Student: 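Shown below is the structure under consideration.
If you're wondering where the values come from, they're calculated on a predicted model, not measured in any experiment. Values reported hereafter were calculated over all heavy atoms of this structure, with side chains retained and with hydrogens, waters and symmetry mates removed.
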Amino acid sequence: MFATRFATKRVIWSSQSIRQKWNNRSTKLRLFPSTSPIENSAEFNNIEIQLNNCHTCTCVSHHKSLKSENFLKRRVNFAAFHRRYSSYLFTPSAEGEHAAFIMKPEIDFETLRTKLKEMEDSVKFRSMDVNAQVVISMWDEIQQMEEQKKQLENERKKIKFRKGDKVSDEDMKKAKAQGRALREELRTVNSRISDLTDQLYPMALRLPNFLHGDVPLGTDPVELESFTGHGGELKTVTVGKQESHELAHPGFVYLEDEGALLEQALLRWAAHQLNKKGFTRFSSPDKFKPIALEALGLDPDGTNQTYAVKTNEDSTYLTGASAMAFAAYFMMTVVDATNLPQRCYTVGKHYNSKNDTGRFDGFHNSFQTNKVEVCGLSEESIATSDMIFRQYVSLLKDLYSELPLKCRLLEIPSSQLLPSMYRKCTLEIWLPKTAEYVEAASVYSCTDYISRRLKIRHIGEGEDLTKHKSNRRFVHTVHGQFIDTGVLIEAFQQLAEDTNEMCIPGTIVSYMPKHSKMSLCNR
């Protein structure tokens, strides 16, 4: 449903329209309003527009005619230029009539003004390049312009005459002249509000979430606790694997027999534990629109650990099982308070371009793995979302206490948090042969950061879903990665003496097929 809504969001003109305009030879196509601050910028003059072999609309010039042959020779990367001044989460006024769907996130500017110092600290300790004070100043200017607009509209009402009123010709002329002046002034004010709004929202959307009081400021995490799990009797299996194949990506590993069965057993084990806790299982897509990335505070055009997949319409991003699955599913929904909190999870492949080095560096560093991702929705309350956060962390510890692995729980510092994260805890496991801790699981709270961008709201208990729109509140979301099969397989392999074997705990053995060949591990 959402894919259909946003498929044409960025398409201003179709390729057929461009050809028609070109054949007409007299029409100028515009991407930006005439008041655009980039109209005469040096940056604009250095851009290239890509029109040859156009399968979809990529771009056209602002205030430049298509009848110029020199113009056709220029090639412009429209996406990079347009994203510099816009956002997938916000539809500028100039695009409103062409967009299939209008997007305008619900940024809480009043809270931002009240907690300006906290926001400035969040920006500082995350080492981000955005000025919260400028955002608030721009918002204040818009509010002043809105007040001025109201005053002008009230003045217009005052000069209107009622039906049957006796008005002299001179008074009528004065009233008309005054009305024209007010209309012109209103037009100027509306234009200014529109321009400021178009500048404000892309800037405001770059602001991060606030920071929880327990988040370490700086670059060093804080260890909360450490423990060693007990997974029952260890069993050993011989793992068949092929580290590379000439027709496959060199960083991928084929698992055979017991190794492949182990990967599926880990997922079944985790899913069974979550089902017992009342979680709802989802099946989810692997590719998402850019708006899903931006809702999490990621830059679709920057380094975001995803694979960009180019299509005729737009770019989609290959992530697999991730928080984006739930962000996309709940986008623009209204949840009844009686259904909160909601706890759900998804199981599937996960792709991380950050680990794509072109070679195999261990299962825990693979760019492709299987994961179990969880999500929780709560009422608009820090106390409630904190409670779910603590429940997820406790559940995470319970899961890994069933595995014979040395674990530690960390509170992640501000410099390592994504913009959407209010706080994050990770669970790391010890790899004895490489003598290092690696992240195996995590839980993080985003409060209402994602829900305000994607309009995920809830109503109070007993309220009519079709009424009380003004009373709808934004849900808080808590996300987590509970299982990464690549990390666990690497850990089990390092428990064994032989590099071609793995020691599997009895907890997981019970989820493997009965025909699996296993023997007691003499460790």
Student: Around atom NZ of Lys349, are there more than 12 heavy atoms of other residues, nucleotides or ligands at under 6.0 Å?
Tutor: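 Yes - once you tally the heavy atoms of other residues, nucleotides and ligands closer than 6.0 Å, there are more than 12.
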
Student: Taking the six-membered ring for Trp, is the centroid-to-centroid distance between Phe279 and Tyr392 below 6.0 Å?
Tutor: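 They qualify: ring centres under 6.0 Å apart.
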
Student: Kindly write out the residues that satisfy side-chain hydrogen bond (donor to acceptor under 3.5 Å, both in side chains) with Thr384, not counting sequence neighbours, or none if the list is empty.
Tutor: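 side-chain hydrogen bond (donor to acceptor under 3.5 Å, both in side chains) list for Thr384, sorted by chain: Ser381.
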
Student: What pairs with Trp269 under side-chain hydrogen bond (donor to acceptor under 3.5 Å, both in side chains), at least two apart in sequence or on another chain?
Tutor: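 Checked Trp269 against side-chain hydrogen bond (donor to acceptor under 3.5 Å, both in side chains); matches are Glu402.
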
Student: Can you name the ring pair (Phe, Tyr, Trp, His ring centres under 6.0 Å) partners of Phe482, sequence neighbours left out?
Tutor: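 Residues passing ring pair (Phe, Tyr, Trp, His ring centres under 6.0 Å) with Phe482: none at all.
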
Student: Kindly compute the distance separating OH (Tyr437) from OG (Ser226), expressed to the nearest 0.5 Å.
Tutor: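 If I round to the nearest 0.5 Å, the distance is 6.0 Å.
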
Student: With sequence neighbours left out, what residues match Ser415 under side-chain contact (heavy atoms from CB on, under 4.5 Å)?
Tutor: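 By the side-chain contact (heavy atoms from CB on, under 4.5 Å) rule, Ser415 matches Thr219, Pro413.
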
Student: Holding to side-chain hydrogen bond (donor to acceptor under 3.5 Å, both in side chains), I want the full list of residues that pass it with Asp286, two or more places apart in sequence or in another chain.
Tutor: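 If we apply the side-chain hydrogen bond (donor to acceptor under 3.5 Å, both in side chains) test to Asp286, skipping adjacent residues, there are no hits.
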
Student: In Å, rounded to the nearest 0.5 Å, how long is the span from CD1 of Ile504 to CG of Leu234?
Tutor: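 Answer for the CD1-CG pair, Ile504 versus Leu234, is 9.5 Å.
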
Student: Can you sort out the partners of Phe227 under ring pair (Phe, Tyr, Trp, His ring centres under 6.0 Å), two or more places apart, ordered by chain and number?
Tutor: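 By the ring pair (Phe, Tyr, Trp, His ring centres under 6.0 Å) rule, Phe227 matches no residue at all.
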
Student: Which residues pass the ring pair (Phe, Tyr, Trp, His ring centres under 6.0 Å) test with Tyr201, sequence neighbours left out?
Tutor: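 In terms of ring pair (Phe, Tyr, Trp, His ring centres under 6.0 Å), with neighbours along the sequence ignored, Tyr201 is linked to Phe90, Phe109.
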
Student: Quick one: does any side-chain atom of His476 pair with a main-chain N or O of Ser378 as donor and acceptor, under 3.5 Å?
Tutor: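 The answer is no, because no donor-acceptor pair under 3.5 Å joins these two groups.
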
Student: Without swapping roles, check the side chain of Gln342 against the backbone of Leu377 for a donor-acceptor pair under 3.5 Å.
Tutor: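 Between the backbone of Leu377 and the side chain of Gln342 there is no qualifying donor-acceptor contact (under 3.5 Å).
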
Student: On a heavy-atom basis, which atom in Val130 and which in Met203 lie closest, and how many Å separate them?
Tutor: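 Where Val130 meets Met203 most closely, the heavy atoms are CG2-O, 3.9 Å.
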
Student: Could you check whether any side-chain N or O of Ser445 sits under 3.5 Å from a backbone N or O of Val478, counting only pairs where one atom can act as donor and the other as acceptor?
Tutor: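 Between the backbone of Val478 and the side chain of Ser445 there is no qualifying donor-acceptor contact (under 3.5 Å).
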
Student: Taking the six-membered ring of Tyr449 as reference, does the NZ or CZ atom of Arg453 fall below 6.0 Å from its centre and within a 45° cone about the axis?
Tutor: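 Geometry flag: set, cation within 6.0 Å and 45°.
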
Student: Between Glu110 and Arg113, is the closest basic N to carboxylate O distance under 4.0 Å?
Tutor: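 Here Arg113 pairs with Glu110 in a salt bridge, since their nearest N and O are under 4.0 Å apart.
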
Student: Would you give the length of the straight line joining atom OG1 of Thr477 to atom CD1 of Ile456, rounded to the nearest 0.5 angstrom?
Tutor: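 Thr477 OG1 to Ile456 CD1: 7.0 Å, rounded to 0.5 Å.
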
Student: Relative to the ring of Tyr422, is the ring of His212 parallel (under 30°), tilted (30 to 60°) or perpendicular (over 60°)?
Tutor: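 Taking Tyr422 first and then His212, their aromatic rings stand perpendicular (interplane angle over 60°).
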
Student: Can you sort out the partners of Phe210 under ring pair (Phe, Tyr, Trp, His ring centres under 6.0 Å), two or more places apart, ordered by chain and number?
Tutor: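 Phe210 satisfies ring pair (Phe, Tyr, Trp, His ring centres under 6.0 Å) with no residue once adjacent residues are dropped.
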
Student: Would you say Lys455 has more than 12 foreign heavy atoms packed within less than 6.0 Å of its NZ?
Tutor: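 Atom NZ in Lys455 is crowded, with more than 12 foreign heavy atoms closer than 6.0 Å.
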
Student: Can you tell me if Glu501 uses its side chain to pair, donor with acceptor, with the backbone of Ala496 under 3.5 Å?
Tutor: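 Looks like no, no N/O pair under 3.5 Å.
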
Student: Considering residues at least two apart in sequence or located in another chain, which fulfil the side-chain contact (heavy atoms from CB on, under 4.5 Å) criterion with His272?
Tutor: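 Applying side-chain contact (heavy atoms from CB on, under 4.5 Å) to His272 gives Lys276, Tyr511.
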
Student: Between Ser414 (side chain) and Gly218 (backbone), is there a donor-acceptor pair under 3.5 Å?
Tutor: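 Indeed, once roles are kept as given, a pair shorter than 3.5 Å links the two residues.
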
Student: Nearest 0.5 Å, what's the OG1-CE distance between Thr447 and Met421?
Tutor: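 Answer rounded to 0.5 Å: 12.0 Å.
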
Student: Between atom CD of Gln481 and atom OG of Ser322, what is the distance when rounded to the nearest 0.5 Å?
Tutor: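 Going from the CD atom of Gln481 to the OG atom of Ser322 covers 10.5 Å.
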
Student: Indicate yes or no for a side-chain donor-acceptor contact from His458 to the backbone of Glu380 under 3.5 Å, with no hydrogens or angles considered.
Tutor: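 A pair under 3.5 Å: yes.
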
Student: Going by the rule side-chain hydrogen bond (donor to acceptor under 3.5 Å, both in side chains), which residues pair with Thr485 if we only count those two or more places apart in sequence or in a different chain?
Tutor: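 Partners of Thr485 under the side-chain hydrogen bond (donor to acceptor under 3.5 Å, both in side chains) test: Glu263, Thr369.
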
Student: Please list all pairs passing the salt bridge (Lys or Arg N to Asp or Glu O under 4.0 Å) test where one or both residues lie in residues 123-135, with sequence neighbours left out.
Tutor: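 Residue pairs passing salt bridge (Lys or Arg N to Asp or Glu O under 4.0 Å), neighbours aside: none found.
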
Student: Under the salt bridge (Lys or Arg N to Asp or Glu O under 4.0 Å) definition, can you give me all pairs with a residue in residues 409-422, not counting sequence neighbours?
Tutor: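 Listed once each, the pairs are Glu411-Arg423.
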
Student: Judged by atom type as modelled, is there a donor-acceptor pair below 3.5 Å linking the side chain of Ser401 to the main-chain atoms of Asp398?
Tutor: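 Judged by distance alone, yes, a pair lies under 3.5 Å.
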
Student: What distance separates Glu106 CD from Arg457 CZ, expressed to the nearest 0.5 Å?
Tutor: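 Interatomic distance, Glu106 CD to Arg457 CZ, rounded to 0.5 Å: 6.5 Å.
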
